[in-house]
Amino acid sequence: MGNRPPQGENPVLPKHQEKAEWEDAIYDVTALTAASSEITSLIGCLSADDCAQVILQKSSNASKTVVAANFPGALPGDQILAMVAAVVEKRGYTESNTLFAQSVCPDEINHEEGDITNILTKYLGEVFHLGGLAGVPFTGKTGFGAFSHHVPDDGHCFVLMAPHIGLDNESNLGKYTRDGQLGCSAAACGAAGGALNHCCSGLPLPDMAACPEDYQMSFLMHEIAKRMDVILASKDENTKQAQLARQTHEISKSMLDKIVNVNFGGSNSTLVILSGIQINMPRPLDDYFQPLHFYVISKDGQHTSLFEEAFGHASA
Ligand SMILES: [Zn+2]
């Protein structure tokens, strides 16, 4: 990829023109300049903005194709909210009687405008954070206990759990092109990718008891190590990274199942669980979310699936 020029020295735009919206999404201005010149010579009337829109549309279509192939059912966060809201509102869940918690990797790209995390937080009012590295609910039974005992009388708890995976500008899963990092992309989720790299390296697994200062990463390494056969059976790098995200979701869900309960609120209180995979899309696209579980647990412990009612199909 070409280098992003210093701010204020964009070679494509006329000098008088303000910074265009696409400048935050197209890093390879060298390629854009070449494309612009080529198209203009052919047609003679297209501006850099016109060319940028063509390139962005092609890039967006490529990103959506990768997501559809690897995460069927994934949709932008606002569409997921509409489907979730239609189901929970008719059952009486409201901002005033429902507390929201999320178990999501702390990475800043998971907490941006348009992400399912932020959308649900705005919808339900506040958020309690249960997650640590890779979105695993490392706050544990103590964290869930603290959260759930903040619920109003006869109120409800709603938990979103969403490990994440990046998709960079070159359609590589497991990577993300971050602002200000010229011409390169880095691992996302970095913790899950780092755990996988460690397991591939042949180095011994760390002794969890001996490294309390990095306990979460040690736990991830041990759990990923158990799943290497499944992950490495993937046919190419993108499917391997998608499998890593699915395995990270399973690791997280397994812990979530062990820490939640319905010992809160009153006799009508319930717990709603929505879990899946958050896909960090290249700018300017909003992140996508692939739902994998959506159900409610009533006071007697019974699980009632809301998945098909909400999303119109069975879980992938
Ligand atoms: Zn992460």
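In this text, all values refer to a predicted model and were calculated from it rather than measured experimentally. All residue numbers refer to positions in the sequence shown, counting from 1.
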key: For P137 against S252, the heavy-atom pair lying closest together   = CD-O, 3.6 Å
key: Donor-acceptor contact below 3.5 Å, side chain D115 vs main chain T117   = no
message = I'd like to know whether Q102 forms a side chain to side chain contact (heavy atoms under 4.5 Å, CB included) with T121, so could you lay out the CA-CA distance, the side-chain angles of the two residues, the decisive distance to 0.1 Å, and finally the verdict.
response = CA-CA 9 Å; Q102 62 187 20; T121 299; 3.9 Å; yes
V272 vs Y93 side-chain heavy atoms within contact, under 4.5 Å = yes
Distance-minimising heavy-atom pair for G265 and S269 = CA-OG, 3.3 Å
message = Using the rule given for ring-ring contact (aromatic ring centres under 6.0 Å, His included), can you reason through Y123 versus F100, listing the C-alpha separation, both sets of side-chain angles and the distance that settles it, and then say yes or no?
response = CA-CA 9 Å; Y123 177 64; F100 177 56; 9.2 Å; no
key: Polar side-chain atom of N70 near backbone of V66 as donor-acceptor pair, under 3.5 Å   = yes
query = Is the shortest distance from a Lys or Arg side-chain nitrogen in K226 or E223 to a carboxylate oxygen in the other one below 4.0 Å?
reply = yes
key: Shortest non-hydrogen contact from N261 toward N263   = OD1-N, 2.9 Å
task = Output yes when K122 and E113 qualify as a salt bridge under the 4.0 Å nitrogen-oxygen rule, no when they do not.
result = yes
query = Sub-3.5 Å donor-acceptor pair from the side chain of D154 to the main-chain atoms of N268, do we have one?
reply = yes
inquiry  = Apply the hydrophobic cluster definition, ILVMFWY joined by side-chain contacts under 4.5 Å directly or through others, and give me every member besides V104.
reply    = none
message = According to a hydrophobic-cluster definition based on side-chain heavy atoms being under 4.5 Å apart (Ile, Leu, Val, Met, Phe, Trp, Tyr only), do V296 and L160 belong together?
response = yes
ask   = How many angstroms lie between OG in S63 and CD1 in I279, if you round to the nearest 0.5 Å?
value = 11.5 Å
key: Single-linkage hydrophobic cluster F219~F144, side-chain heavy atoms < 4.5 angstrom   = yes
ask   = Is any side-chain heavy atom of I297 less than 4.5 Å from a side-chain heavy atom of Q302?
value = no
key: Side-chain donor/acceptor of N169 to backbone N/O of S185, under 3.5 Å   = no
note = Exactly one candidate in N172, L167, N280, D168 meets side-chain contact (heavy atoms from CB on, under 4.5 Å) with T177; the answer is D168
inquiry  = Test your reading of the model: is there a side-chain donor-acceptor pair from N110 to the backbone of C105, 3.5 Å cut-off?
reply    = yes
Close side-chain approach of H198 and P206, heavy atoms under 4.5 Å = yes
key: Point-to-point distance, once rounded to the nearest 0.5 Å, from CD1 of I119 to CG of L124   = 12.0 Å
ask   = Do any pairs count as a ring pair (Phe, Tyr, Trp, His ring centres under 6.0 Å) and have a residue in residues 258-294, sequence neighbours left out, and if so which ones?
value = H249-H293, F294-F311
ask   = When hydrophobic residues are tied together by side-chain contacts of less than 4.5 Å, even through go-betweens, does I224 share a cluster with F138?
value = yes
I80-V88 co-clustered via ILVMFWY side chain contacts under 4.5 Å = yes
query = Would a 4.5 Å heavy-atom cut-off, applied to side chains only, mark L120 and L274 as touching?
reply = yes
message = Just checking H129 against F147, ring centres under 6.0 Å apart?
response = no
request  = Decide salt bridge (charged side-chain N to carboxylate O under 4.0 Å, His left out) for E237 and K175; before the verdict, give the C-alpha distance in whole Å, the side-chain angles of both, and the deciding distance to 0.1 Å.
outcome  = CA-CA 11 Å; E237 186 62 22; K175 294 184 175 181; over 6 Å; no
ask   = Does the T139 side chain pair with the main chain of L130, one donor and one acceptor, at a distance under 3.5 Å?
value = yes
query = So K253 and D257, side chain to side chain contact (heavy atoms under 4.5 Å, CB included) or not? Walk me through it.
reply = CA-CA 6 Å; K253 183 66 168 53; D257 290 343; 2.8 Å; yes
task = State yes or no: do M281 and Y176 share one hydrophobic cluster built from I, L, V, M, F, W and Y residues joined by side-chain heavy-atom distances below 4.5 Å, directly or via other members?
result = no
inquiry  = Salt bridge check, R178 against D107: does any charged N sit closer than 4.0 Å to a carboxylate O?
reply    = yes
request  = Please test H164 against I277 for side chain to side chain contact (heavy atoms under 4.5 Å, CB included), starting from the C-alpha separation and ending with a verdict.
outcome  = CA-CA 5 Å; H164 73 117; I277 296 172; 6.0 Å; no
key: Side chain to side chain, S218 and M221, heavy atoms closer than 4.5 Å   = no
inquiry  = Measuring only between side-chain heavy atoms, which start at C-beta, is K64 closer than 4.5 Å to L285?
reply    = yes
ask   = Passes salt bridge (charged side-chain N to carboxylate O under 4.0 Å, His left out), K240 versus D236? Steps please.
value = CA-CA 6 Å; K240 184 174 83 175; D236 56 36; over 6 Å; no
request  = Would you mind reporting whether V84 and F158 have side-chain heavy atoms less than 4.5 Å apart?
outcome  = yes
query = With distance as the sole criterion, is a donor-acceptor pair present between the side chains of T270 and H156 under 3.5 Å?
reply = yes
ask   = Heavy-atom count around N61 CG within 6.0 Å, excluding the residue itself: above 12?
value = yes
inquiry  = Determine whether E250 and M255 satisfy the following criterion, side chain to side chain contact (heavy atoms under 4.5 Å, CB included), listing intermediate values before the conclusion.
reply    = CA-CA 9 Å; E250 292 203 3; M255 185 181 289; over 6 Å; no
message = Within the structure provided, determine whether L232 and Q243 are in side-chain contact (heavy-atom separation under 4.5 Å).
response = no
key: Separation of M208 CE from L220 CG (nearest 0.5 Å)   = 10.0 Å
query = Is a side-chain N or O of Q216 found less than 3.5 angstrom from the main chain of L133, in a donor-acceptor match?
reply = yes
task = Enter the distance from H222:NE2 to I251:CD1 here, rounded to the nearest 0.5 Å.
result = 12.0 Å
inquiry  = Filter on ring pair (Phe, Tyr, Trp, His ring centres under 6.0 Å), then keep only pairs touching residues 59-84, sequence neighbours left out; what's left?
reply    = none
task = Mark yes or no for whether N238, through its side chain, and L173, through its backbone, hold a donor-acceptor pair below 3.5 Å.
result = yes
key: Heavy-atom pair of closest approach, residues M228 and L196   = SD-CD1, 3.5 Å
ask   = To the nearest 0.5 Å, how far apart are OG in S315 and CD in Q290?
value = 7.0 Å
ask   = Can any side-chain N or O of S234 pair as donor or acceptor with the backbone N or O of I231 at less than 3.5 Å?
value = yes
query = P163 and G276: which non-hydrogen atoms are nearest, and at how many Å?
reply = CD-O, 3.3 Å
key: Minimum heavy-atom distance between A74 and V67, given as atom pair plus value   = CB-CG1, 3.7 Å
remark   = To the nearest 0.5 Å, atom CZ of R91 lies from atom OG1 of T98 at 13.0 Å
query = Quick check: does any side chain N or O of K258 sit under 3.5 Å from a backbone N or O of G140, one acting as donor and the other as acceptor?
reply = no
